[in-house]
Amino acid sequence: DPKRLLDLVSLLMRHEIEVYRVDSPLNLEKGRMLAGGEEGPINIPAGSYLVPLRQPKKRLAKALFEPIPQIESRFLEEVERLRKINRSLGDGVQKERLGFYDVTSWSLPLTYGLAAVEMKSGFSWDGLNRLEEEPSLNGRVEGKARYAYLFSGRSDTGSMLAGRLLQEGFQVGVSTRAFRNSGSEYQPGDYVVRVERNPESLHRRIEELAGETGAVVRASDTAGSETGISLGSRRIVDLKAPRIAVFADQPTRAVAFGSVYSLLDQRYGLKFTAIRTGSFNRVDLSRYNVIILPDGSAAGYVNILGEDGRKKLLQWVRNGGVAIGIKAGARYFTLGDDPPVDVKFVAEYSDEESEAVHPIEMHPGSIFQTSINTDYFLGYGYGDRIPVQVRGNRLMTPTKTGVNVVVFPPDSHLGGHKWEYSEEILEGKSYLADIPVGEGHILLFADDPTFRAYWRGLDRLLANGIVLGPSF
């Protein structure tokens, strides 16, 4: 994603870390992808960026990039001692805390969802140029369209531009099929803005917003495509403007609300309304088609919303609303006597050999690989894999009535501390599930995709739910 790539480069430069641009292909005899894989020859394409460790900020650069930071052996020995004690205690006895203070992996290329290579062999400095100024995207409109403007949904800039246009009252469509138009290739999830369906002000405004978001917009003078669907096809879905509400105050966590705020307001420029959870029963829900429940306390949501609030929220979903639950906000929908979703959040696992049931120990902010269903609208614009964070001791079972959009494959560990059983119990679990309810959707994130506003690689998963969800 060019937007996230340049944002990361700029962040490094603001910390005085030297960054070089690769202007010609670089062939490595030995390298390893940070997102998993064996060591071997790797070709680095032109346009990539290189961070050498032969520089004054070597230690900082290494700390920001390494996926598995070294944990002192004495600390891990103490963890194992406490685990042994906990196993000897009954279910009703309070367990010892294992001592992990916070997350144990924060590798920036993984949190930004970028392809990165750990270079294991020497390289030639020819064709490398140190950056002196922070790079920026050249957002622009190429030509004045007679039929439609087209732009990619495979970059965060596309979601940003589409959301801004929709909230300003312009008509935007998204393609669900691939096509080739005016010499350029387009994929499912790419956007189509047809001139005849919009006011004359579209030409000026889309140029302004392209410059602000960094999106590259191409003009088309014809509905006819060289291959695939035409621009008049029913496979291009007309989108509804996202009218967003976000629960705030108790029982949400302030940092969780702030992370959602950061994505919507600061990065995407989308307008939303913060609703105090305790005032929900007095809110006119017809004003919104997206409601986000940030992480916090699932039991707190139950207590504060009450039965009347639950019925009101679920009826709104049945009428076509999109409810997005994040971690505890997702678990809220699984509670009660008649939950509207078929997933569960489990905190135990079974030992296949002994058939004994054990509690899942807290995962201290570790990074795992996931697989994405890119044929489904929530996965539009992604490749087939994306790293996510697992933090806590509850895992989400897959849905059988909806769509498991993001799931954990075998051998998924990428960074941070894991338990000996972590990958086994994660395999097949869901990270993002979409459960249709009536005319609407309940989207459930097992963990927080906006974590502390620095986990950038999952922005578009949440944005797809917001921008596309009300129309699918």
Side-chain angles (χ1 to χ4, degrees), residues 1-11 111-114 134-142 148-175 186-193 198 201-219 237-244 246 258-273 289-290 292 322 324 377-383 386 449-450 453-472:
D1 186 291
K3 168 67 174 170
R4 281 185 265 119
L5 175 60
L6 296 193
D7 283 352
L8 176 55
V9 170
S10 296
L11 177 65
T111 66
Y112 274 62
L114 299 172
E134 294 180 20
S136 61
L137 291 172
N138 179 25
R140 61 194 184 278
V141 176
E142 298 178 347
Y149 290 104
L150 309 172
F151 53 95
S152 174
R154 287 158 282 166
S155 168
D156 289 353
T157 60
S159 301
M160 294 174 185
L161 178 55
R164 297 276 297 275
L165 287 169
L166 287 165
Q167 285 199 333
E168 292 188 17
F170 294 100
Q171 298 297 311
V172 179
V174 65
S175 178
Y186 297 92
Q187 301 297 325
D190 291 345
Y191 293 96
V192 179
V193 185
N198 284 286
S201 60
L202 169 68
H203 301 288
R204 173 185 56 80
R205 190 58 181 145
I206 198 170
E207 186 170 14
E208 293 172 346
L209 290 176
E212 292 178 19
T213 61
V216 176
V217 182
R218 295 183 173 88
V237 176
D238 292 324
L239 299 177
K240 301 173 184 176
R243 295 175 280 112
I244 310 161
V246 182
S259 297
V260 173
Y261 164 85
S262 181
L263 182 148
L264 294 175
D265 184 84
Q266 298 181 16
R267 295 204 289 277
Y268 274 71
L270 294 176
K271 298 176 182 177
F272 73 95
T273 301
N289 55 15
V290 176
I292 301 174
V322 177
I324 303 176
F377 75 91
L378 292 173
Y380 281 173
Y382 278 97
I386 188 72
T450 66
Y454 77 75
W455 200 284
R456 298 283 302 279
L458 304 176
D459 278 5
R460 200 158 63 253
L461 273 183
L462 183 56
N464 283 349
I466 295 167
V467 176
L468 306 181
S471 306
F472 279 79

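All residue numbers refer to positions in the sequence shown, counting from 1. Bear in mind the structure is a predicted one, so any value in this text is a computation, not a measurement.
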Within the distance-only criterion (no hydrogens, no angle test), does the side chain of [X] pair as donor or acceptor with the backbone N or O of [Y] below 3.5 angstrom?
| X | Y | result |
| --- | --- | --- |
| S10 | L6 | yes |
| R460 | G158 | no |
| Q167 | P242 | yes |
| R140 | N138 | yes |
| S259 | A453 | yes |
| S175 | D190 | no |

State, yes or no, whether a side-chain contact exists between [X] and [Y] at a heavy-atom distance under 4.5 Å.
| X | Y | answer |
| --- | --- | --- |
| R218 | Y186 | yes |
| N464 | S159 | yes |
| P470 | V290 | yes |
| D7 | Y112 | yes |
| V322 | F472 | no |
| T157 | P2 | no |
| I466 | L264 | yes |
| Y268 | R164 | no |

What residues, two or more places apart in sequence or in another chain, satisfy side-chain hydrogen bond (donor to acceptor under 3.5 Å, both in side chains) together with T450?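 Partners of T450 under the side-chain hydrogen bond (donor to acceptor under 3.5 Å, both in side chains) test: D448.
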Nearest heavy-atom pair of [X] and [Y]: which atoms, and what distance?
| X | Y | result |
| --- | --- | --- |
| G469 | F377 | CA-CE1, 3.7 Å |
| L5 | L114 | CA-CD1, 3.8 Å |
| T213 | M160 | CG2-CB, 4.0 Å |
| L468 | Y380 | CD1-CD1, 4.0 Å |
| G163 | V467 | CA-CG2, 4.3 Å |
| L166 | A241 | O-CB, 3.3 Å |

Results of salt bridge (charged side-chain N to carboxylate O under 4.0 Å, His left out) for [X] - residues two or more places apart only:
| X | answer |
| --- | --- |
| R4 | D1, D156 |
| E168 | R205 |
| E207 | none |

Scan for salt bridge (charged side-chain N to carboxylate O under 4.0 Å, His left out) pairs involving residues 463-472, sequence neighbours excluded, and state none if there are none. none
Salt bridge (charged side-chain N to carboxylate O under 4.0 Å, His left out): pairs with one or both residues in residues 258-267, sequence neighbours excluded: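 For residues 258-267: R267-D459.
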Rounded to the nearest 0.5 Å, what separation is found between the [atom1] atom of [X] and the [atom2] atom of [Y]?
| X | Y | atom1 | atom2 | value |
| --- | --- | --- | --- | --- |
| F272 | I244 | CZ | CD1 | 8.5 Å |
| R456 | T111 | CZ | OG1 | 9.0 Å |
| N198 | I206 | CG | CD1 | 8.5 Å |
| L209 | L161 | CG | CG | 6.0 Å |

Which label fits H203 and Y149: parallel for a plane angle under 30°, tilted from 30 to 60°, or perpendicular past 60°?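 H203 vs Y149 ring planes: perpendicular.
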Angle class for the Y191/F151 ring planes (parallel below 30°, perpendicular above 60°, tilted otherwise)? parallel
